[in-house]
Amino acid sequence: MPELPEVETMVRDLRPHLLGRSFREVRLRRTDVLKDIRRPQLIQRLTGATVDSLSRRAKHAVLHLGQWRFVVQPGMTGSLFVTDAPRSEEEAHYDVLTVRLDDWRELIYRDIRRLGTLRLLDQRAWQRYDASLGPEPLDLALTPDEFHKVLARTRQAIKKALMDQRLLAGVGNIYANEALFAAGIDPSRPADRIGHEPAARLLEEVRRILSAAIEAEGTTVRDYRRGTGEPGSFQLELQVYGREGEPCRRCGTRLTGTHLIDARATVFCHRCQP
DNA sequence: ACGAGGTCCTGCGAGC
DNA sequence: TGCTCGCAGGACCTCG
């Protein structure tokens with residue numbers, strides 16, 4: 001499931017293929033992923049556009065197309081990649097968007113469950129959208145002190161707060177579980193009751209884990225693929241996610257699984273995360 | 001203002 | 001064997 005490291009990997013993989021390329025022919029096979037735009041407008045504005053640059057913000061891949069920002073949020077099962085091989089009807093079954101590039105390759109947005117979204121925003125709309133998202137965890141401008149203050153803004157469980165995109169951008173279920181384990185914090189603790197020291201430790205672990213996951217080109221549990229079509233490898237380094245009932249790698253205690261927080265799979269070690 | 005819970009969407013695996 | 005059902009969960013919505 002694409003969180004920050006997975007989207008960062010997609011963007012890095014795509015950059016050399018897309019920089020300076022222009023969009024020749026745009027096909028949209030599904031419209032339910034469109035957010036605040038209709039098919040004809042999207043196709044009209046994308047066709048002929050040139051990719052000036054690519055970036056990532058939170059869990060979004062952002063293609064800069066002149067005045068427009070094409071914002072792809074892969075959701076659970078979305079992936080963005082470039083291919084030069086023609087796609088069979090079977091391969092194309094989950095393709096949502098197909099863009100023929102001026103070098104005759106194709107940029108594909110594929111999304112099995114279509115929980116992802118596509119947006120096309122002008123500068124102002126992008127600025128507004130960007131401002132609605134919390135700070136980037138890897139941006140060192142976010143100090144431990146500020147992070148502590150962010151957490152103090154909610155009484156929600158710390159795990160839910162970590163995943164709240166308005167508070168902190170880019171962390172989803174997998175990395176929230178991992179960071180809380182690494183920081184030794186019980187996922188159900190209210191965010192506003194996390195002390196200054198534990199908050200600093202948590203920010204440090206969030207950064208360490210996200211960086212290591214980018215280094216490993218993301219976590220592939222099921223559907224996530226890099227911009228190259230290959231899986232990532234950080235799933236090999238997961239300490240708690242998906243390991244409910246298995247022994248804690250640090251102390252051997254059986255890992256606890258619960259769905260009590262935000263109805264999401266939470267796995268933790270009750271001994272290491274008191 | 002906040003929190004709890006429902007909804008979207010499809011594939012997959014468990015259970016009958 | 002073939003069916004149904006619950007689950008996976010990010011973002012967004014409604015309700016209390």
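Naming convention: chains lettered A, B, ... in sequence-line order (proteins, then strands); numbering from 1 in each chain. These figures come from a predicted structure and were not determined experimentally.
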Using the benzene-type ring in the case of Trp, are the ring centres of H60(A) and Y129(A) under 6.0 Å apart? yes
Measure from the side chain of [X], starting at C-beta and using heavy atoms only, and say which of [options] lies closest.
X	options	value
A265(A)	dA11(C), dA8(C), dC9(B)	dA8(C)
D32(A)	dC12(B), dC9(B), dA11(C)	dC9(B)
Y129(A)	dC12(C), dG10(C), dT10(B)	dC12(C)
Q165(A)	dA4(B), dA11(C), dG10(C)	dA11(C)
R114(A)	dC12(C), dA8(C), dC9(B)	dC9(B)
R113(A)	dA8(C), dG10(C), dG3(B)	dA8(C)

For [X] and [N], is the shortest distance between a side-chain N/O and OP1 or OP2 below 4.0 Å?
X	N	value
Q156(A)	dC2(B)	no
K35(A)	dA11(C)	no
Q73(A)	dG10(C)	no
H259(A)	dA8(C)	yes

Take the protein atom [atom1] of [X] and the nucleotide atom [atom2] of [N], then report the distance between them rounded to whole Å.
X	N	atom1	atom2	result
K159(A)	dA4(B)	NZ	P	14 Å
I112(A)	dC12(B)	CD1	P	7 Å
N173(A)	dA11(C)	CG	P	11 Å
R57(A)	dA11(C)	CZ	P	12 Å
Y109(A)	dC9(B)	OH	C1'	11 Å
L118(A)	dC9(B)	CG	C1'	15 Å
H93(A)	dT10(B)	NE2	P	9 Å
D262(A)	dG3(B)	CG	C1'	10 Å

Between Y224(A) and E217(A), do the side chains contain a donor N or O and an acceptor N or O under 3.5 Å apart? no
Donor-acceptor pair (no angle test) under 3.5 Å: R264(A) side chain, dG10(C) base: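 Present.
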The residue among T219(A), V206(A), L238(A), V171(A) that forms side-chain contact (heavy atoms from CB on, under 4.5 Å) with E178(A) is L238(A)
Could you tell me whether a side-chain N or O of H148(A) sits under 3.5 Å from a main-chain N or O of I194(A), the two making a donor and an acceptor?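 Side chain of H148(A) to backbone of I194(A), a donor-acceptor pair under 3.5 Å: yes, one is there.
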Taking the nucleotide of DNA chain B with the closest heavy atom to each, which residue, R30(A) or K160(A), is nearer the 5' end?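 Whichever sits nearer the 5' end wins; that is K160(A).
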Same cluster (ILVMFWY, side-chain, under 4.5 Å), I108(A) and V26(A): no
Identify whether any heavy atom of [X] sits under 4.0 Å from a base atom; if not, whether one sits that close to sugar-phosphate; answer base, sugar-phosphate or nothing.
X	value
R119(A)	sugar-phosphate
Y241(A)	sugar-phosphate
T154(A)	sugar-phosphate

Taking the six-membered ring of F181(A), is NZ or CZ of R250(A) closer than 6.0 Å to its centre and within 45° of its axis?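 Yes, R250(A) sits over the ring of F181(A).
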